[in-house]
Structure formats: structure tokens, C-alpha cells
Amino acid sequence: MKTLTFYDVTYQVDGRFEDYAVFKLPSSNVDFCGHKPQFDEDTKEEKPDQDFFVQFKNGGTYLYRDIPTETIKRASIAESIGKFVRAEISGKYPSVKLEKPILTPIKLTE
């Protein structure tokens, strides 16, 4: 079980997404984002596009496919990640709404 800690809160990562790099930016709407590079099966070289997820504070989580690496770099430094996702990703790339969040807070026993 992979866990991540942000701002003194520890989260369990859904096992299907353990190899994603996750980041958290200040936002009133978006809780987490994460990405996973894709590799060419023949050459093993990194493809120019990646999978990308957005987990909203209301628990809604979307997985987007084929996001250009440059777009993900810009997302990771966006002044407003919610506005960035709306303007640059949502509706422009294939996506699926996931049934449950990727990161869920866990309570650590003391």
C-alpha cells in the first residue's frame, strides 16, 4: 500500500495509480492531480503524451488520456489548477470519470 502525505495528512493511493507522480496545488476546487508517462513498447522510449488525473475536493475524479507532456508541466505550475484544467484539458482529451477517488485520507494510529 502506497501512501503520500500532504500538509500533515496521509493518503492511501489506489493500487492502480501507485506509479503516478502526484501533486497538490492550492485550489478551492481541485484536491490532487497526477500523471504517468507512457512508453513505447518497442523502443521503451517515453511517448510525448501521458495519462493525467484530476481529483476534485468533492471526490469526483477524472482520468484523461494522451495529454501532452508540456501541458502537464504547465498544469503543475498553474496559478489556478481548476481554471487550467477547465481551459486546457477538460473536453479536449479523452476522459473517463472514475467510480472512486484515487487518494483517500487515512488515519494513522499513534
Side-chain angles (χ1 to χ4, degrees):
M1 169 180 75
K2 179 178 177 180
T3 61
L4 296 172
T5 302
F6 294 96
Y7 307 111
D8 296 327
V9 178
T10 301
Y11 300 86
Q12 180 176 342
V13 180
D14 182 306
R16 298 170 296 161
F17 297 90
E18 288 184 350
D19 52 353
Y20 278 63
V22 177
F23 60 94
K24 183 174 180 72
L25 298 173
S27 175
S28 61
N29 197 20
V30 174
D31 215 356
F32 303 100
C33 294
H35 60 96
K36 175 184 168 189
Q38 300 297 309
F39 294 91
D40 184 287
E41 291 181 19
D42 295 327
T43 66
K44 306 298 182 208
E45 291 183 15
E46 188 173 324
K47 292 181 179 180
D49 300 331
Q50 301 183 29
D51 289 345
F52 181 75
F53 78 80
V54 178
Q55 181 170 314
F56 292 92
K57 291 189 176 186
N58 69 6
T61 305
Y62 294 82
L63 179 62
Y64 297 90
R65 303 277 187 193
D66 305 326
I67 307 298
T69 300
E70 185 57 37
T71 301
I72 292 172
K73 287 179 184 175
R74 291 190 353 242
S76 70
I77 59 169
E79 186 174 315
S80 170
I81 187 63
K83 288 179 183 176
F84 185 89
V85 167
R86 232 178 1 265
E88 302 291 331
I89 297 174
S90 183
K92 296 183 178 184
Y93 297 96
S95 67
V96 62
K97 184 175 182 180
L98 303 179
E99 292 184 22
K100 63 180 186 171
I102 292 172
L103 285 91
T104 53
I106 58 174
K107 198 164 198 162
L108 298 177
T109 56
E110 296 181 23

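Please read these numbers as outputs of a predicted model, since none were measured by experiment.
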Check your understanding: Atom CD1 in Ile81, atom CZ in Arg86: separation rounded to 0.5 Å?
Key -> 10.5 Å
Point to revise | Heavy-atom closest pair, residues Thr61 and Gln55 | key: OG1-CG, 3.3 Å
Practice item. Mind telling me whether Phe53 and Phe17 have parallel, tilted or perpendicular rings, with 30° and 60° as the class edges? Key: perpendicular
Practice item. Check for a donor-acceptor pair, side chain of Lys36 on one end and backbone N or O of Glu18 on the other, with a separation under 3.5 Å. Key: no
If you look only at distance, which donor and acceptor atoms sit under 3.5 Å apart when one is on a side chain in residues 25-35 and the other is two or more places apart or in another chain?
from  : atom 1 : to    : atom 2 : distance (Å)
Ser27 : OG     : Asn29 : N      : 3.1
Ser27 : OG     : Val30 : N      : 2.9
Asp31 : OD1    : Lys24 : NZ     : 2.5
His35 : ND1    : Gln50 : OE1    : 2.8

Exercise for review: Answer with yes or no whether the hydrophobic clustering places Phe56 together with Tyr7; edges join I, L, V, M, F, W, Y residues whose side-chain heavy atoms lie under 4.5 Å apart.
Suggested key: no
Practice item. Indicate the atoms forming the closest heavy-atom contact of Pro101 with Gly59, along with that distance. Key: CG-O, 3.7 Å
Check your understanding: Would Leu63 end up clustered with Tyr93 when hydrophobic side chains under 4.5 Å apart are linked, directly or stepwise?
Key -> no
Check your understanding: With a cut-off of 6.0 Å (strictly less than), are more than 12 heavy atoms of other residues, nucleotides or ligands near NZ of Lys57?
Key -> yes
Exercise for review: Evaluate the side-chain contact (heavy atoms from CB on, under 4.5 Å) criterion for residues Leu4 and Leu103: first the C-alpha distance (whole Å), next the side-chain angles of each, then the deciding distance (0.1 Å), finally the verdict.
Suggested key: CA-CA 9 Å; Leu4 296 172; Leu103 285 91; 4.0 Å; yes
Check your understanding: If Ile, Leu, Val, Met, Phe, Trp and Tyr residues are connected whenever their side-chain heavy atoms lie under 4.5 Å apart, and connections chain through other members, are Phe6 and Ile106 in the same group?
Key -> no
Point to revise | Lys/Arg-Asp/Glu bridge criterion (N-O < 4.0 Å) met for Asp14, Arg16 | key: yes
Check your understanding: Is a side-chain donor or acceptor of Thr10 paired with a backbone partner of Asp8 at a separation under 3.5 angstrom?
Key -> no
Practice item. Rounded to the nearest 0.5 Å, what's the gap from CZ on Arg65 to CG on Asp51? Could you check? Key: 4.0 Å
Practice item. Might you work through the side-chain contact (heavy atoms from CB on, under 4.5 Å) test for Thr71 and Phe84, ending with a clear yes or no? Key: CA-CA 10 Å; Thr71 301; Phe84 185 89; 4.0 Å; yes
Point to revise | Ile102 reachable from Val9 in the ILVMFWY side-chain graph, under 4.5 Å edges | key: yes
Practice item. Look at the side-chain heavy atoms of Ile, Leu, Val, Met, Phe, Trp and Tyr, link any pair under 4.5 Å apart, and say whether Tyr64 and Ile72 land in one connected group. Key: yes
Exercise for review: Would you indicate whether the side-chain heavy atoms of Tyr62 and Ile89 approach each other to under 4.5 Å?
Suggested key: no
